[in-house]
Amino acid sequence: MSARTIFSLRGVTKTWAAPDEEFQLSIPRLDIKAGQRIAVLGQSGCGKSTLLDILAMTLEPTTSKAFRFEPETGNSTDIHEAWSSRRMDRLAGLRGRHIGYVLQTGGLLPFITVRENIELPRRLCGLPVNGVPRALAERLKIGDQLEKLPATLSVGQRQRVAVARALSHEPSVVLADEPTASLDPHTAAEVMELFVELAAQRNITLLVASHDWARVTELGLTRLHHEQVDEKGVLRSEFHS
Amino acid sequence: MSAPAGNSGATASQIARLAARDLLHQKLASLVLVLALAAVLTPLLVLFGLKFGVIDNLARELVEDPRNREIRLVGHGRFDQDWFENMAARDEVAFVIPRTRGAAATIDLRPEGPGGERATVELIPSAPGDPLLQGHAKAPADKESIVISARTARLMGAKTGDRVKASVRRKRGGRWSREQVLLRVTGVVPDSVFARKGGFVSPQLLAAIEDYRDGYAVPELGWGEGEPFSGPRYFSGFRLYVRGLDDVPVVRDLLAGGGQGYEVITQAKAIEEVRLFDRYLTSTYLMIAFIGVAGYLLSFGASMWVNVERKRRELSVLQLLGFPSSVIMFFPMVQSALIALCGGGLAIVLFGFISILINNYFARASGQFEGLCRLLPSHLAFSLAATLLCALLSSALAAYRATRIEPSKGLREL
């Protein structure tokens, strides 16, 4: 496995001030190596989604000492600097090319077909379609749904489409936020298994937020360290490698 | 804004295509927006059409109707050839022609062929350039031409191109005699131009008739015995038209003062009243139009703004996928532009139908106005452009706001 560190975060925090208490997500030190497959575990509300959003560069940290992203060897970007100089289109460009994101539900564009949804990240990157979306759809058992609109699919099928879309442009990293939480246990197990398998085959770095500890250890994911402390009215949730 | 990875032009066209797909997907919502736009814009266009058709037409007719530009002499005077040449040379004067004594200026007309009645008509001096005949008939250019009024034509059963016999009588030395001349009808003017029995002839013919009646011979027409008229000729009146409505008081004052002292009749007072009315009507109209246009642009802008708010989640998904914010802005802008074009186009089509209905209705009712409700293509193009601009501005503003927020907020807060 490559020794390249794809995400490197130091002293990154995100704070919300609620009326009665303050919540803080804290990432004192996090290094994620390329090809690692990691589970982000914790009960809901502990900041798993926030962590993934910060890694996906869709949410600006409140503070950060260092935040680097190196999706390819020798191609490293200072995300801390990009946020502070408001280079939003640079962040969007990195996200579009190197990151796939699977949301808990939805996130598909309702007005284009399943096939077009899966193709969209490839088209955005200027990659040829080359049958990749079809192959992914076949693997995820939605090959016969390609010409339908997302609204006509079941929730389980839609999550498969979301997985296919996240993988379609051959990204370096895929982030998934409880991708199977809204599915029945049997379907959830099948989709998660396929998802991890497809990512492993492509040597994609994977971070999956989940509350199902048993499931993710079965799939061979590494658990991210997590502690929660109540500190003078500040609820602090800490993730570190 | 820094360029995103990849081809940003291609990305923009992808976004434009997605925006159009979304509009088609939400047929009902798009249709409602298009209809709502057309529903507000159509009455405004009709209002504009009426303003342009009625008020502007009235104002134009006021200027164009030569009777409003006529200056008439009260009683009679004594005008020589120099006087007419001087008047004709003035910038304010569009047309001036001598008028002979009223008593001399009648003639009997009868058709050359069989049938038709005899008509005694009053003669009006005319010449090429006569504003009263313009657009109706070819003015008489020589002694053998006449333009008759519609009433005369009906009475005699004559039409343009016919020949009519004109006869003139005089009593000389206690004995009545009569002479004739064959005239060619070069045109018929409608009742709206001249309602009585009348004929427009050249001043030369009028002068000949006056000479004959005064007891002179007219050798060029072979009329009568005796001496032909010689010496300086004086005319008792004139027909005078100024160029514009503003010239009326100028020429009136010139004739009334400056050693001339003629009493004249003009339409100056009526013109001033109509102009005042036009001014009030126009300013009232402008106020209504301003309120209407402001309300229209505000409501349309607001609905485009709301449309962007409705699209927040889709816009956030596009951000999550990595489309640059600067390009995502195109998504609502393209949608607004398409709605503006469809709604504006529909409003123009509806305006077309409504204006045809209005014009037909009033044409049947009055027969006077043709374009009671009408707009020029440039007016329609302008209204479409203003709608488009409003759509682009409001949606760009809303899109800017929507895409400035972090994508995760748009995804998770909705």
Side-chain angles (χ1 to χ4, degrees), chain A residues 14 49-61 71 75 77 82-83 85-113 116-117 119-127 149-151 162 165-166 168-169 171 175 177, chain B residues 1-30 310-332 334-335 338 400 402-414:
Chain A
K14 179 74 190 176
S49 304
T50 306
L51 173 64
L52 293 187
D53 284 351
I54 286 174
L55 293 177
M57 298 169 272
T58 62
L59 186 68
E60 186 180 10
N75 175 11
T77 305
W83 272 117
S85 56
R86 316 306 304 166
R87 295 174 65 200
M88 312 296 279
D89 284 357
R90 169 85 183 122
L91 294 174
L94 284 171
R95 190 162 59 240
R97 182 63 201 93
H98 300 294
I99 295 179
Y101 204 132
V102 185
L103 293 168
Q104 189 169 340
T105 50
L108 299 177
L109 293 173
F111 48 86
I112 53 176
T113 62
E116 289 167 313
N117 263 291
E119 283 173 9
L120 197 56
R122 287 190 81 80
R123 295 195 183 281
L124 177 61
C125 300
L127 294 171
L149 289 176
R165 185 181 66 181
S168 113
H169 55 305
L175 307 164
D177 184 11
Chain B
M1 240 168 266
S2 67
N7 185 340
S8 102
T11 325
S13 77
Q14 276 177 12
I15 284 287
R17 219 170 308 138
L18 287 173
R21 288 289 297 275
D22 183 37
L23 273 190
L24 285 176
H25 177 65
Q26 306 201 34
K27 285 184 201 73
L28 192 67
S30 309
R310 277 196 319 125
K311 293 285 165 227
R312 276 276 281 274
R313 195 180 167 85
E314 276 84 352
L315 297 182
S316 293
V317 169
L318 291 171
Q319 282 184 303
L320 180 69
L321 288 176
F323 281 95
S325 297
S326 52
V327 175
I328 293 174
M329 300 259 305
F330 285 126
F331 189 90
V334 165
Q335 293 197 331
L338 287 173
Y400 181 80
T403 55
R404 279 316 95 168
I405 63 159
E406 296 152 318
S408 72
K409 275 191 189 146
L411 279 171
R412 299 193 198 276
E413 282 176 6
L414 293 168

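Nothing here was measured: the structure is a model prediction, and the numbers come from that model. Each chain gets a letter, A, B and so on, in the order the sequences are listed, and its residues count up from 1.
- Not a single salt bridge (Lys or Arg N to Asp or Glu O under 4.0 Å) links B/Arg310 to another residue, sequence neighbours left out.
- A distance-only check finds no donor-acceptor pair linking the side chain of A/Arg97 to the backbone of B/Gly322 [under 3.5 Å].
- Note: A/Glu116 CD to B/Arg17 CZ = 9.5 Å, rounded to the nearest 0.5 Å.
- Applying the side-chain hydrogen bond (donor to acceptor under 3.5 Å, both in side chains) rule to A/Asp177 yields the partners A/Ser49, B/Arg412; only residues at least two apart in sequence or on another chain are considered.
- A/Phe111 pairs by the ring pair (Phe, Tyr, Trp, His ring centres under 6.0 Å) definition with B/Phe331, not counting sequence neighbours.
- For the pair A/Met88 and B/Ser326, the minimum side-chain heavy-atom distance is 4.5 Å or more.
- Neither the backbone nor the side chain of A/Ser168 has a heavy atom closer than 4.5 Å to any heavy atom of chain B.
- The two residues A/Asp89 and B/Ser325 make their nearest non-hydrogen contact at OD1-N, 3.1 Å.
- B/Pro324 approaches A/Ala92 most closely through the heavy-atom pair CA-CB, 3.9 Å.
- Residues A/Arg165 and B/Leu321 form a side-chain contact, since some pair of their non-hydrogen atoms from C-beta on lies under 4.5 Å apart.
- In this structure, A/Leu124 CG and B/Gln14 CD are separated by 6.0 Å, a value rounded to the nearest 0.5 Å.
- Near-neighbour residues of residues 19-30 of chain B relative to chain A, defined by a heavy atom under 4.5 Å from a heavy atom of that chain, comprise B/Arg21, B/Asp22, B/His25.
- With respect to chain B, the highest number of heavy-atom pairs below 4.5 Å among A/Ile99, A/Leu109, A/Asp53 belongs to A/Asp53.
- Of the two parts of A/Leu91, neither the backbone nor the side chain holds a non-hydrogen atom closer than 4.5 Å to a non-hydrogen atom of chain B.
- Heavy-atom distances place the side chain of A/Leu103, and not its backbone, under 4.5 Å from chain B.
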